[in-house]
Amino acid sequence: MSQDAAARLFSLGSILGLWVVASVLTADPTILPAPWTLLQPLGREIASGELPFHLWKTLVRVAWAFILAMSAGIALGTLMGTNRAVDRWLDPWLVVFLNLPALVLIVLCYLWIGLNETAAIIAVTLNKIPNVVTIVREGARSLDPELSAMARVYRMEPLARLRHVVLPQLAPYIAAAARGGVAVIWKIVLVVEFLGRSNGIGFKIHMYFQLFDVRMVLIYALSFVVVMLLVEAAVLRPWELRVRRWRTA
Amino acid sequence: MIRVHVRRKAFGGTEILRDVRLDLLPGERVAVVGPSGAGKSTLLRIVAGVDRAFEGEVERPGNIAFVFQEPTLLRWRSVLQNLTLTHPGLPEEAARAMLRRVGLEDKAGDFPGQLSLGQQRRVALARAFVGKPELLILDEPFVSLDPALAEEMMALTESLIAEVRPAVLLVTHARAEAERLADRICRLEGSPATLVQPPVRVMPRAGS
């Protein structure tokens, strides 16, 4: 485990090293500032409350889109993986939505629903659902029919069957969808904010992009990356370890 | 009383079973033998209510237990939970007592994956008997076991049947197995398969 952590730290450190080398070679702080020159403005943004405010706004949108996309995706994926008729009817929709560029969905949602929070979250959710469906459907297709027969013979209640028979078999697929999901969702949330919100990390990046302020763009982008790394390490990975406990016991 | 009448069972266009009748008295033990692919497992699944896509009627008790070819345990739940989750309302003490009966009292908290195959099969047997079923269905429960383990499992099954006294429906390849566990042996054969039932044979029961 500690060896694992060391490898992670070293790997992250080498990204930082690459950045330092590149900034020295560029020798132009308006294009690529050195890492340490970001610390002072970072402190300023945190002290003024500006960074935490926009970080929080983006985080709330990510959480909403994540919860909505995962619940809808798991429900649809399970249904499509276990019911061939539903799969036949919904599969073309899935292909259409998988191939619809994120930008198109975002623009259409803003045009049809309006430039508001609902449109933003719906746009992100719709972008992520097909992805979750594809992964969870794969899991639902490989559900063990013998276990379903067993649950039926012993007359397990539908809720108990879901909780103790179906979901544990889907757990690895749900975990994969969740980990890939957060990454994709926060990228799309940024685009949504860039295009039509007046707060959030994406909004700030848009603003500093127009001012051509590379330093501030990096500060806002990287601080959110750090937050997402923490979420992954503190929430997603422990949860995955817990549901996998029976495999390694 | 268990009455089974399968008028017709087909997969796609292929007819598997035709006009199969089988009646079991409470506590009666019937073995079904026959060549592989004859539809023995299909018949069991119909009797158990797992397969409902057939023409005919089955009159069965509510409380059924099924022992599959494989242990078919919930590998992500503890051994004890494998008994309690399949029998809501079962007191934990009863589940522990059944585990003690099959010699696994110290494994209650383990996951099935931590047990040997023989122990997993004993959990499956414990799960089948803990609910005191009126009908016990066994689908080639000792196939793929080495002779020593098969003998151990069969002895355990025999004594548990003698304690709980469910009606038993057993499918097997092995004639010896059928003769040991059943009062009556039927053959499922032909295409589509029908059931050939000899006159009732009374065999000495273990322990009576």
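Letters go in sequence order (proteins before strands), and every chain restarts at 1.
With a 4.5 Å cut-off on side-chain heavy atoms, Arg77(B) and Trp246(A) do not count as touching. Between Glu146(A) and Gln69(B), the closest side-chain pair of non-hydrogen atoms is not below 4.5 Å.
Remark: Leu147(A) CG to Leu73(B) CG distance equals 8.5 Å, nearest 0.5 Å.
Contact of Ala160(A) with chain B is not made at all, since no heavy-atom distance falls under 4.5 Å. Residue contact with chain A, scored on non-hydrogen atoms closer than 4.5 Å, is absent for Arg60(B). At a 4.5 Å heavy-atom cutoff, the contact between Phe66(B) and chain A is made by backbone and side-chain atoms alike. When heavy atoms are compared at a cutoff of 4.5 Å, Arg127(B) approaches chain A by way of both its backbone and its side chain. With a 4.5 Å cut-off on non-hydrogen atoms, Arg75(B) touches chain A through its backbone and its side chain both. With a threshold of 4.5 angstrom between heavy atoms, Met150(A) approaches chain B through its backbone and through its side chain. In this structure, chain A has no heavy atom under 4.5 Å from any part of Asp110(B).
Annotation for Gly49(B) and Arg152(A): closest pair O-NE, 3.8 Å, computed over non-hydrogen atoms.
Remark: Arg163(A) CZ is loosely packed, at most 12 non-hydrogen atoms of other residues, nucleotides or ligands lying under 6.0 Å away. When the shell of 6.0 Å around CH2 of Trp64(A) is examined, it contains 12 or fewer heavy atoms from other residues, nucleotides or ligands. The neighbour count for Glu157(A) CD, taken as heavy atoms of other residues, nucleotides or ligands under 6.0 Å away, does not exceed 12. Environment of CG in Leu230(A): crowded, with over 12 heavy atoms of neighbouring residues, nucleotides or ligands closer than 6.0 Å.
Ranked by heavy-atom pairs shorter than 4.5 Å toward chain A, the options Gly131(B), Pro112(B), Gly113(B), Ala65(B) are led by Ala65(B).
Among residues 124-131 of chain A, no residue has any heavy atom closer than 4.5 Å to a heavy atom of chain B. At a heavy-atom cut-off of under 4.5 Å, chain B is reached by Pro168(A), Gln169(A) from residues 168-182 of chain A, listed in order of number.
For the pair Trp76(B) (side chain) and His164(A) (backbone), a donor-acceptor distance under 3.5 Å is present. Formation of a donor-acceptor pair under 3.5 Å by the Tyr154(A) side chain with backbone atoms of Asn63(B) is not found in this model. For the pair Arg155(A) (side chain) and Gly62(B) (backbone), a donor-acceptor distance under 3.5 Å is present.
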